[in-house]
Structures are given as C-alpha cells and as structure tokens.
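Structure record follows, encoded as structure tokens.
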Amino acid sequence: SFTSIGAKAFYQCAALEEIPRAQKLRIISASAFANCTSLKSVELPDTVSSLGESAFSGCRALESIKVPSQLMMLPNSFLSDCTALTSFEIPETMAMLGDSVFENCISLESLEFPARLGMLGDRVCYGCQSLTELVYPPNLDTVPAYAFANCTSLRSITLPDGITEIGESAFANCTALTALELPDSLRILPDAMVSNCVSLAEFHIPANCVSIGSRCFFGCSHLTDWTLSENINTFYLDSFPSGVLLRVPEFSDALLNAQKFELNYETYQAAVQTTPSDTTTPFVTTTTTQTTPIAVDPDDISTQFDYTT
C-alpha cells in the first residue's frame, strides 16, 4: 500500500471521480488532484499528515471534502476555485490557513474558524461570494490583505478587540456589508480597506487612527459622518468618497491635508480639558473650500485596486 501521492500525479484527470484508497497514505503532494473536474466528494484518511499546495485546486465539481481532524495546516490554494464547494469543516487543531485556501469558492456558504487558529494567509477567502457572516478568530491580531475582498454576500463580520493591523483591500467590494466595527487601538486604515462597500452605512474611525490609506473608503456613498480626530495626520486625495464634506480640527495636520488636496471641509475646535469652574463651551467654525469631485466611474471594477497617487 502506497504512502504518498506525488506532485501533479492526477493533475487534470477530468474523468477521475474518486481518489485512490490507501490505508497508510500520509502525503498528498502539490497539485496532486488539481483540476480533476469530476471529483464530487473526498474523504481523506486519518493517516494523512501533509498536504501540498493546490492539492485540490480547480476541482469545480467538488461539493464536499473531509480532512483529518489532527491536521494543523492547510497549504496555499488548497481548495481555490472549487466552485461547487458549499461547506468545509476546519479541524479544531488547525493553526494555519495559507494564502488563497478558499479563493473563489463561490458556493461556500459558511465557514467557522477554530479558536486556536494563529495565522491566516492573504486572499484566504477572496471571492467567496456566498459567505454571509463570519466570526474572526479571537487569537489573531491581523487581517491579511484581500482576505475577504469580493465576498459580495458578506453582511457582517465580527472582529476581536486585539486587531492591530489590517491588510490592503481586506474587505474591498463586499457590497452587502452594512457595518464594520474596528477596535480603537487600530492606528492605520490601509489602502482600499472597504473600497466599493456600497452598502456600508455604519463605521467609526478608530480613536487612535493616525493614517487613512488611498481609496480606503472609495465608493462608500452611504457613510455620512466624516469627522476626523486630531490624531489623523495622513490621508490622500482619494481616501474618501468623491465630494464628501470633511470635518477636521483647527490647526491640525488633517486640515493641512484637506487644504493641500482642495477638498470640501469645515473646521472644528478640538475638545479641551475643563475644570469645574470653567464653563467655556467649545465652538465650531466653518471654512468650506469647493472642489470639483474626482471623476471616477463607480462601475469600473478595474480601478478599485489602483493605488497610484
């Protein structure tokens, strides 16, 4: 009985309907069953301890796959482009999901991350168009680049308070997303973070945020409160939806940026510390600069991830 299946051993075997059975199988190498378009169901034996990149990538008829419960890692692109896959149970022992593990699994409706998961790769769920909600792993402090971009049915995602970094375009083009709550400890909002999230109507810029990336809020036309704190010292011409009115603190870097890019803005006096005998009320002054809205076609998806400034 064989113990391993070599790289590309059954690559593009379009008529293959089931994988070979082996009681002592331990290793399935890279692309071993990639593009086997007739595979519908796979159950790997518990003896399997190593899976190669893209092992089942492009198996477009695959509806279900069960992996051993003791596995600790799924490699890059393990199930990418498995367009018929509707569900997948991630073992509780799982510590790492590689890049693009579920990329373009357009029928995947649910996914539950185990509590001990310690690492997610870039684009891990990119293009999972049927996912509607997610609870992010509690032990992770980063959201990788493009992790949930193009998840067009995703309505909500719960992030833990410990998040300290979000990668570019992490939630871009999540057109059903209505709210996103980030911890106040987050300091940088990256390029195109929620670009083209056209349903996003509730978002609070973290209190300690200092920088807002290019196209971060591009296309978020339902967001109405654009009050920037005095901590924010960097943003770009295209960080916000075209033509919005920014509220920026007087004598701040945010004000200088708004003037530099000739954006519409009004100023306000930052909150001051008061004593019991001090009844001074902070006031708002208005200085509005008119500018021509940026000419961007919101239907042109190809422009979403162009970060040239």
Side-chain angles (χ1 to χ4, degrees), residues 1-128 130-131 134 137 139-140 142 144-148:
S1 179
F2 56 90
T3 60
S4 66
I5 297 176
K8 293 190 174 182
F10 297 92
Y11 180 73
Q12 289 188 343
C13 289
L16 186 70
E17 296 183 355
E18 60 180 29
I19 68 172
R21 297 182 180 276
Q23 293 182 346
K24 298 181 180 180
L25 181 63
R26 295 188 296 106
I27 300 171
I28 297 177
S29 301
S31 302
F33 297 97
N35 293 344
C36 290
T37 52
S38 294
L39 275 178
K40 291 186 176 181
S41 179
V42 170
E43 184 171 350
L44 300 180
D46 288 338
T47 53
V48 172
S49 58
S50 177
L51 297 169
E53 293 188 3
S54 304
F56 292 92
S57 176
C59 294
R60 298 184 181 275
L62 188 65
E63 298 175 354
S64 65
I65 178 170
K66 183 179 180 181
V67 299
S69 59
Q70 76 277 8
L71 272 182
M72 298 186 65
M73 183 191 80
L74 293 182
N76 296 346
S77 302
F78 176 61
L79 293 170
S80 62
D81 296 305
C82 290
T83 53
L85 189 69
T86 58
S87 63
F88 181 83
E89 184 176 350
I90 303 174
E92 289 297 321
T93 56
M94 192 66 60
M96 174 183 173
L97 298 179
D99 296 345
S100 302
V101 169
F102 302 106
E103 180 168 345
N104 290 331
C105 290
I106 59 175
S107 300
L108 189 64
E109 298 175 351
S110 62
L111 200 60
E112 185 173 343
F113 295 117
R116 68 170 293 174
L117 192 65
M119 181 176 178
L120 285 183
D122 293 348
R123 303 174 72 97
V124 63
C125 289
Y126 180 96
C128 291
S130 297
L131 280 179
L134 281 172
N139 291 331
L140 293 186
T142 63
Y146 296 88
F148 304 102

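The figures that follow rest on heavy atoms only: side chains count, while hydrogens, waters and symmetry mates do not. Just so it is clear, the model here is predicted, and its values are computed rather than measured.
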Heavy-atom closest contact (Pro75 atom, Gly52 atom, distance): CG-O, 3.2 Å
Distance-minimising heavy-atom pair for Gly58 and Cys82: N-SG, 4.3 Å
Short side-chain donor-acceptor distance under 3.5 Å, Ser31 and Ser54: no
Trace of the side chain to side chain contact (heavy atoms under 4.5 Å, CB included) decision for Ile90 with Leu97: CA-CA 10 Å; Ile90 303 174; Leu97 298 179; 4.0 Å; yes
Spatial distance of atom CG (Leu39) from atom CD (Glu18) [nearest 0.5 Å]: 9.0 Å
Validation row: Ile5, Ile19 side chains within 4.5 angstrom (heavy atoms): no
Contact list for residues 17-55, test ring-ring contact (aromatic ring centres under 6.0 Å, His included), sequence neighbours left out: Phe10-Phe33, Phe33-Phe56
Point-to-point distance, once rounded to the nearest 0.5 Å, from CE of Met73 to OG1 of Thr93: 12.0 Å
Non-hydrogen atoms of Ala32 and Gly6 that approach each other most closely: CB-O, 3.7 Å
Side-chain polar contacts of residues 64-71 - donor-acceptor pairs under 3.5 angstrom, sequence neighbours left out - could you list them?
residue : atom : partner : partner atom : Å
Ser64   : OG   : Ser41   : OG           : 3.3
Gln70   : NE2  : Asp46   : O            : 2.4

Residues which pass side-chain hydrogen bond (donor to acceptor under 3.5 Å, both in side chains) with Asp81, listed by chain and number, not counting sequence neighbours: Asn104
Interatomic distance, Asn35 atom CG to Ser57 atom OG [nearest 0.5 angstrom]: 6.0 Å
Heavy-atom pair of closest approach, residues Gly98 and Val101: O-CG2, 3.1 Å
Non-hydrogen atoms of Cys36 and Leu16 that approach each other most closely: SG-CD2, 4.1 Å
Whether Thr37 side chain and Arg60 backbone form a donor-acceptor pair below 3.5 Å: no
For residues 106-122, tabulate all N or O donor-acceptor pairs below 3.5 Å that involve a side-chain atom, not counting sequence neighbours.
residue : atom : partner : partner atom : Å
Ser107  : OG   : Thr83   : O            : 2.6
Asp122  : OD1  : Ala145  : N            : 3.4

Sequence neighbours excluded, every pair satisfying ring-ring contact (aromatic ring centres under 6.0 Å, His included) that has a member inside residues 93-112: Phe88-Phe102
Side chain to side chain contact (heavy atoms under 4.5 Å, CB included) between Ser100 and Arg123, intermediate numbers included: CA-CA 5 Å; Ser100 302; Arg123 303 174 72 97; 3.6 Å; yes
Sub-4.5 Å side-chain heavy-atom contact between Thr47 and Thr3: no
Any pair counted as side-chain hydrogen bond (donor to acceptor under 3.5 Å, both in side chains), so long as it reaches residues 5-15, sequence neighbours left out: none
